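Below is one structure, written out as structure tokens; the observations come after it.
Note on naming: letters A, B, ... go to the chains in the order of the sequence lines (proteins, then strands), and numbering restarts at 1 for each one. Since the structure is predicted, the reported quantities are computational estimates derived from the model, not experimental observations. Basis for what follows: all heavy atoms, side chains included, without hydrogens, waters or symmetry-related copies.
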2 protein chains.
Amino acid sequence: MFELDVRSRKPIYEQLVEKLKQLIINDVLKEDEKLPSVRELAQQLTINPNTIQKAYRELESQGYIYSLKGKGSFVHPSGKVDNEEELKKVREELKKLFAEAIYLGMTSEEIAALLREVEGGQQDD
Amino acid sequence: MFELDVRSRKPIYEQLVEKLKQLIINDVLKEDEKLPSVRELAQQLTINPNTIQKAYRELESQGYIYSLKGKGSFVHPSGKVDNEEELKKVREELKKLFAEAIYLGMTSEEIAALLREVEGGQQDD
DNA sequence: TTAACTGTATTATTACTTCTAGTACAGTAG
DNA sequence: CTACTGTACTAGAAGTAATAATACAGTTAA
């Protein structure tokens with residue numbers, strides 16, 4: 001499914017959150033698709049189930065997945081995500097990153113081009 | 001000068017790096033301005049000098065400040081920053097954040113507006 | 001109902017990172 | 001010289017991440 005860098009200074013569960021988020025955002029994992037179970041993914045990646053659970057819990061609190069006891073964890077449909085708190089974080093993050101990019105010498109046109117590039121690759125409903 | 005959240009789950013030195021970066025980017029700290037010395041800032045914030053040094057080392061490696069033994073640490077002039085590695089990281093970060101913002105429901109126009117906002121006035125945290 | 005899944009929670013222990021503390025060395029400036 | 005500056009290192013305390021084992025509750029199919 002994907003790989004993790006155990007030697008990284010970044011916590012495994014954070015790497016997991018990022019990777020899964022990317023898969024969801026880029027529509028590799030479709031709406032309402034079932035994710036591997038906590039224990040199954042733990043076995044696949046040879047890491048502890050608790051670490052997977054921590055990542056899933058984080059993804060759920062951010063609105064990317066939903067979990068049903070006894071059934072499994074599923075991708076939250078994009079259109080139905082309503083997480084004002086996450087949106088606020090992303091806006092703040094964007095502002096900081098824009099300032100940083102400009103400071104490092106990027107022009108707004110370069111940044112805008114990057115946005116169009118991402119926008120194009122996005123096949124949203 | 002600023003405040004830190006010791007109770008945060010984010011390491012103190014990382015918070016320091018972020019705050020100082022913001023001050024530099026938003027021109028609160030001017031080009032070639034002298035930063036507080038490692039020991040002085042440590043005393044002001046009542047944290048260990050080693051923690052300050054770690055933050056300064058990080059800022060230096062990212063191209064935001066330069067340090068002269070016996071003299072002090074100073075803000076690296078914006079125009080002279082040439083850190084392709086940092087720029088690459090920022091571009092990747094931007095792409096991820098764009099995809100995330102769009103997934104959470106932001107339109108490209110909203111994102112572009114945010115960029116214009118940052119581009120125009122210098123805003124703070 | 002039972003068996004085998006699922007998510008979730010708890011506790012204990014280990015491993016790792018962060019932070020602190022103390023010390024030291026080298027360069028600068030008055 | 002004295003008193004600043006950055007930088008480096010070791011040691012240990014404190015906090016976080018990861019593992020391990022166990023348990024409970026809900027779902028599903030035989």
**Item:** Closest to the B:P11 side chain, choosing from D:dG6, D:dA18, C:dC19
**Value:**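 Selected nucleotide (nearest to the side chain): C:dC19.
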
**Request:** Could you check which of D:dA18, D:dG6, C:dT20 has an atom nearest any side-chain atom of B:S37?
**Result:** D:dG6

Distance check needed: [N] [atom2] versus [X] [atom1], whole Å only.
{"X": "A:R57", "N": "D:dA18", "atom1": "CZ", "atom2": "C1'", "value": "13 Å"}
{"X": "A:I52", "N": "C:dG7", "atom1": "CD1", "atom2": "P", "value": "11 Å"}
{"X": "B:L41", "N": "D:dT7", "atom1": "CG", "atom2": "C1'", "value": "16 Å"}
{"X": "A:I47", "N": "C:dA15", "atom1": "CD1", "atom2": "P", "value": "18 Å"}
{"X": "A:Q53", "N": "D:dA17", "atom1": "CD", "atom2": "P", "value": "15 Å"}
{"X": "B:I65", "N": "D:dG6", "atom1": "CD1", "atom2": "C1'", "value": "11 Å"}
{"X": "B:N50", "N": "D:dG6", "atom1": "CG", "atom2": "P", "value": "13 Å"}
{"X": "A:N48", "N": "C:dT13", "atom1": "CG", "atom2": "C1'", "value": "12 Å"}

Give a yes/no answer on whether the side chain of [X] brings an N or O atom under 4.0 Å of OP1 or OP2 in [N].
{"X": "A:K71", "N": "D:dG26", "value": "no"}
{"X": "A:S73", "N": "C:dG7", "value": "yes"}
{"X": "A:K54", "N": "D:dA17", "value": "yes"}
{"X": "B:T51", "N": "C:dT18", "value": "no"}

**Request:** Answer yes or no: does atom CD of B:Q43 have more than 12 heavy-atom neighbours from other residues, nucleotides or ligands under 6.0 Å?
**Result:**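 It does not: B:Q43 CD has 12 such atoms or fewer within range.
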
**Request:** May I ask you to say what B:E14 touches in the nucleic acid, namely base, sugar-phosphate or nothing, with a heavy-atom cut-off under 4.0 Å?
**Result:** nothing

**Message:** Using heavy-atom distances to pick each residue's nearest nucleotide on DNA chain D, tell me which of A:Y13 and A:K69 is more 5'.
**Reply:** A:Y13

**Request:** Could you check B:I25, B:L23, B:I24 and say which one makes a side-chain contact (heavy atoms from CB on, under 4.5 Å) with B:K21?
**Result:** B:I25

**Flag for A:Q62-A:K89: side-chain donor and acceptor within less than 3.5 Å** =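 Their side chains do not contain a donor-acceptor pair, so the 3.5 Å distance test is not met.
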
**Message:** Once you measure the plane-to-plane angle for A:H76 and A:Y66, does it fall in the parallel (<30°), tilted (30-60°) or perpendicular (>60°) bin?
**Reply:**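 Ring orientation of A:H76 relative to A:Y66: perpendicular.
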
**Message:** With side-chain contact (heavy atoms from CB on, under 4.5 Å) as the criterion, how do A:L114 and A:E110 come out once you've worked through the C-alpha distance, each side chain's angles and the decisive distance to 0.1 Å?
**Reply:** CA-CA 6 Å; A:L114 218 54; A:E110 274 182 88; over 6 Å; no

**Prompt:** Do A:R39 and D:dT22 have a side chain to base donor-acceptor pair shorter than 3.5 Å?
**Reply:**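 Check fails, no donor-acceptor contact within cut-off.
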
